[in-house]
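One structure is given below, encoded as structure tokens.
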Amino acid sequence: MSEERFSKAAPLPGRLHRLHELALDLWWSWDDRARQVFRRLDLALWRATAHNPVQMLQRISPERLAWAAADAAFLKAYDEALFGLDNARTVSHPWWRDHQAMLGSGTVAYFSAEFALHQSLPIYAGGLGVLAGDHCKEAADLGLPFVGVGFMYPQGYFRQRMTNDGWQEERYERISWTDAPIEAAVTPDGRRCITAVPLGDRTVLAAVWRVRLGRVRLFLLDTDLAENAPWDRELSARLYGGDRETRIQQEVILGIGGVCALRALGIAPTVWHLNEGHAAFVALQRIRELIEQGRSFDDALEEVQRSTVFTTHTPVPAGHDAFPFHLVEKHLAGRWGAIGQHRQRFLALGEYDNGSGSQFNMTALALRTSSFVNGVSALHGEVTRSMWRPMWPDTPADQLPVRSITNGVHVPTWLASDVHEMLDHHFGPGWLDRVDDPELWEQLNDIPDSEIWAMRNQLRQDLFSFIRERMRARFSLEQVGQSRIVSAGAMLDPEALTLGYARRFTAYKRPELIFHDPDRLARILTNSDRPVQIVFAGKAHPADEPAKHHLQRVFKHALDPKFGGRLAFIDDYDMHVAHYLVQGCDVWLNSPRKPLEASGTSGMKASLNGAPHLSIGDGWWAEGFNGRNGWLIESHANPDDHAAVDAADAAALYDLLETDVVPAFYERDARGLPRKWVAVVREAMRSNVPRFSTRRMVKQYVTEMYGPASRSAVTAPTS
Ligand SMILES: *Cc1c(COP(=O)(O)O)cnc(C)c1O
């Protein structure tokens with residue numbers, strides 16, 4: 001496979017014969033030594049390809065490869081990286097060795113409609129995908145027997161371009177197979193894995209791609225095969241594209257096709273984890289299989305429940321996927337198979353009325369077919385319990401079967417190399433194995449203020465060089481006015497206090513909250529002794545018109561002379577841009593309408609790099625804020641009066657900026673150090689990293705959900 005892919009590329013010198021293999025395992029992306037290999041190999045190509053080694057190796061010159069094969073320093077890095085890769089594929093973490101009995105010999109299958117692993121694989125839209133990607137990477141680091149199942153969207157999620165007028169344009173580009181870190185999945189007998197999914201009155205084929213993450217593998221379904229009808233080829237073309245009809249067909253393919261693909265690959269999971277309700281049709285396929293093996297419907301359902309784990313993410317009823325029954329009937333028609341005589345019972349598993357009539361609700365289906373359910377922060381757990389209260393009319397409120405496991409972020413993925421180096425130096429080797437140990441982070445107290453401050457200044461500088469470089473590249477490529485790319489980027493001051501606001505644009509996240517009183521904001525930004533600047537980024541869902549208007553207004557503010565060129569908007573927000581922003585901004589701003597932010601994770605990424613959170617006490621921040629590790633935007637207006645809440649929250653935000661945030665950043669001692677600021681930076685890292693890491697999170701999934709689910713599956717009676 002890899003031979004074919006690189007057939008037009010410069011051949012590898014013998015000494016570097018495993019370079020393709022390293023590039024095709026995304027493990028490299030979160031190992032600092034492996035990243036250095038590609039960086040050193042050709043820095044210009046590394047930057048030009050947005051850090052995509054597969055594409056680099058297609059384009060690299062034979063001379064450069066020959067240089068590398070003869071350079072002692074490069075070879076040392078290369079050997080170390082391959083040693084690391086081999087270890088990552090074979091050696092598991094001591095914690096897992098102590099806990100593996102919990103899972104017996106079982107495997108966890110993790111289903112998600114999106115995975116954010118790296119910018120070279122644009123099959124994610126936002127937070128849900130990032131969480132899924134980080135979960136898989138952490139499972140790989142711990143060495144869990146774990147596979148992911150999702151979609152390979154040949155056109156991915158869209159790329160964003162802003163018109164001069166601030167209107168979002170969406171471009172879909174076909175992913176180039178030769179440049180992406182994916183390979184065809186093969187069955188145990190060596191054939192290309194293609195699975196047949198019954199859909200409506202026909203069968204749709206889905207090819208299966210494999211992504212490697214150390215010892216974890218991800219399997220991605222793709223219906224773009226010549227054997228399929230043109231409309232079926234389109235089914236998996238785009239993430240969250242299309243209408244309700246497309247959506248339900250995608251979900252049938254993910255749930256039913258995903259189970260079939262695992263069977264074809266010879267993988268027999270004992271725990272099935274549904275990340276959000278999109279994949280809940282897994283239950284249909286599994287019940288059908290069990291009935292075919294001679295089990296009764298009730299027995300089959302019970303077994304499926306025992307071994308299914310469900311994570312819900314959405315705190316608004318309308319955010320949950322629901323379909324009219326006739327659509328479900330239509331797309332499952334004729335192919336019920338062994339479950340046919342129990343059709344009504346199956347449909348009843350999804351029935352739910354969220355206020356707009358009874359529908360087939362994917363979250364209801366997932367809730368009724370799993371016994372381990374969690375929300376993604378303590379507060380979201382509470383919201384979920386009250387939202388789905390009607391599902392369990394007879395259960396006392398404090399005994400509802402919904403718990404919470406707060407999200408986390410994958411530390412090696414989101415940590416800047418500079419911070420990594422600083423911590424290597426002070427914490428000593430092997431510290432990454434202990435990122436969730438609070439004691440480890442106490443050692444931050446031994447790092448001098450000056451060193452932490454220098455690190456922060458360096459990261460801010462790196463962000464601005466990235467923005468300038470990006471602007472220059474776009475400018476020469478597209479010959480467009482620079483105002484379109486970064487509205488005021490060139491004016492950014494590398495010494496000034498920089499706030500970051502970057503996430504999916506959508507109404508409940510209130511991207512315009514900070515503009516509530518434009519004059520007051522302008523005074524804060526343009527104070528010549530203590531200037532403040534804000535960098536914005538984010539995409540609006542293509543069908544979300546109100547969000548596009550928010551985006552347009554923010555974009556126009558950035559051009560407004562009133563704000564003195566202290567606002568910037570970076571287009572085409574993705575993981576690549578996110579890395580620079582969460583690392584380089586000084587403060588991470590988050591202003592959702594409480595309690596609609598289930599968790600949020602970008603603020604965790606920022607804290608990790610010493611950029612404290614300035615946020616409403618929603619999602620993870622409701623449990624993360626401790627009075628010293630960032631700032632809490634708090635007000636006491638009547639929550640049902642949105643206008644009053646907005647006004648009060650905005651006033652609280654301005655107060656914090658004026659009296660706390662800005663003074664702390666600009667008050668310097670005789671040595672020029674902002675002592676108060678550095679104390680917040682240090683506390684943000686010390687208190688947040690161990691708690692809001694996926695290391696803590698995945699361990700919790702293992703002990704509280706996977707372990708019990710797998711134990712009950714093992715002891716389940718088999719008839
Ligand atoms: C982390 C991340 C998100 C999630 O942001 P939140 O709004 O904080 O949940 C979205 N998009 C990208 C590209 C990210 O890296």
Side-chain angles (χ1 to χ4, degrees), residues 29-30 50-51 112 114-135 137 156-160 239-240 275-276 311 313-315 319 375-377 379-380 406-411 413-416 463 499-511 513 535-541 544 547 550-551 570-585 587-609 611-616 618-622 624 630 688 692-694 697:
S29 70
W30 75 87
H51 308 178
S112 180
E114 49 174 306
F115 287 93
L117 301 161
H118 188 256
Q119 55 265 16
S120 59
L121 209 51
I123 55 171
Y124 61 92
L128 183 72
V130 175
L131 179 78
D134 280 11
H135 192 121
K137 291 171 179 177
Y157 197 52
F158 70 91
R159 310 219 36 190
Q160 176 193 55
L239 172 62
Y240 305 143
N275 186 42
E276 196 55 303
T311 303
H313 294 261
T314 313
V376 290
S377 68
L379 183 58
H380 178 240
T406 304
N407 283 347
V409 293
H410 184 243
V411 174
T413 292
W414 295 103
L415 193 68
L463 168 64
L499 274 50
Y501 180 99
R503 51 179 53 82
R504 190 161 56 85
F505 266 64
T506 184
Y508 84 79
K509 291 185 185 252
R510 295 192 297 181
L513 187 78
V535 183
F536 289 90
K539 295 173 176 176
H541 186 284
D544 188 348
H550 285 300
L551 189 55
I570 304 180
D571 67 355
D572 205 26
Y573 185 53
D574 67 353
M575 280 183 87
H576 193 50
V577 176
H579 266 99
Y580 285 94
L581 284 174
V582 298
Q583 295 169 1
C585 291
V587 173
W588 199 253
L589 175 65
N590 185 37
S591 48
R593 183 179 305 290
K594 196 171 173 176
L596 299 184
E597 182 81 290
S599 167
T601 52
S602 56
M604 301 173 184
K605 303 169 196 165
S607 282
L608 174 62
N609 290 290
H613 209 205
L614 167 58
S615 171
I616 300 284
D618 198 7
W620 76 278
W621 197 232
N688 291 323
F692 301 104
S693 63
T694 43
M697 179 188 87

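Read the numbers this way: they start at 1 and go in the same order the structure lists the ligands and their atoms. Computed from heavy atoms alone, side chains included, the values below leave out hydrogens, waters and symmetry copies.
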Q | Residue that, paired with Arg159, satisfies side-chain hydrogen bond (donor to acceptor under 3.5 Å, both in side chains) out of Asp574, Asp571, Asp572 | A | Asp572
Q | Minimum side-chain heavy-atom gap Glu276-Leu128 below 4.5 Å | A | yes
(Q) Check whether Phe158 forms a cation-pi arrangement with Lys539 (NZ or CZ under 6.0 Å from the six-membered ring centre, at most 45° off the ring normal). (A) yes
Q.
Considering both backbone and side-chain atoms of Ser602, is one of its nitrogen or oxygen atoms within less than 3.5 Å of a nitrogen or oxygen in ligand 1?
A. yes
Q | Close-contact set for ligand 1 against Arg503 heavy atoms, below 4.0 Å | A | 7 (O)
Q: Please report the C-alpha distance between His541 and Thr506 in whole Å, then the side-chain angles of each, then the deciding distance to 0.1 Å, and finally whether the side chain to side chain contact (heavy atoms under 4.5 Å, CB included) criterion is met.
A: CA-CA 8 Å; His541 186 284; Thr506 184; over 6 Å; no
Q: Could you give me the CA-CA distance, side-chain angles and deciding distance for Glu597 and Ser377, then say whether side-chain hydrogen bond (donor to acceptor under 3.5 Å, both in side chains) is met?
A: CA-CA 10 Å; Glu597 182 81 290; Ser377 68; over 6 Å; no
**Q.** Subset of ligand 1 atoms that lie under 4.0 Å from at least one heavy atom of Gly126
**A.** 10 (C), 11 (N)
Q: For atom 4 (C) of ligand 1, find the nearest protein heavy atom and state the residue, atom name and distance (0.1 Å precision).
A: Gly127 CA, 3.5 Å
Q. Is any N or O atom of Trp414, backbone or side chain, closer than 3.5 Å to an N or O atom of ligand 1?
A. no
(Q) Distance under 4.0 Å to a non-hydrogen atom of Thr601: what atoms of ligand 1 satisfy this? (A) 1 (C), 4 (C), 6 (P), 8 (O), 9 (O)
Q) For the residue pair Met697 and Thr406, what are the closest heavy atoms and their distance? A) CG-O, 3.7 Å
Q.
With heavy-atom distances below 4.0 Å as the criterion, list the atoms of ligand 1 near Ala578.
A. 15 (O)
Q: Would you confirm whether Ser693, through its side chain, and Gly408, through its main-chain N or O, come within 3.5 Å as a donor-acceptor pair?
A: no
Q) Taking non-hydrogen atoms only, is Arg504 closer than 4.0 angstrom to ligand 1 via side chain, backbone, both or neither? A) neither
Q | Nearest protein heavy atom with distance in Å, relative to atom 11 (N) of ligand 1 | A | Tyr573 CE2, 3.6 Å
**Q.** Distance from atom 7 (O) of ligand 1 to nearest protein heavy atom, with residue and atom
**A.** Lys509 NZ, 2.7 Å
Q. According to the interplanar angle, ranging from 0 to 90°, do the rings of His579 and Trp414 count as parallel (below 30°), tilted (30 to 60°) or perpendicular (above 60°)?
A. parallel
Q) What atoms of ligand 1 come closer than 4.0 angstrom to any heavy atom of Asp574? A) 13 (C)
Q: Taking only heavy atoms of Lys605 into account, list the atoms of ligand 1 that are under 4.0 Å away from them.
A: 1 (C), 2 (C), 3 (C), 14 (C), 15 (O)
Q. Are Met604 and ligand 1 in contact, using a heavy-atom cut-off of under 4.0 Å?
A. no
Q.
Could you check whether any side-chain N or O of Tyr124 sits under 3.5 Å from a backbone N or O of Met575, counting only pairs where one atom can act as donor and the other as acceptor?
A. yes
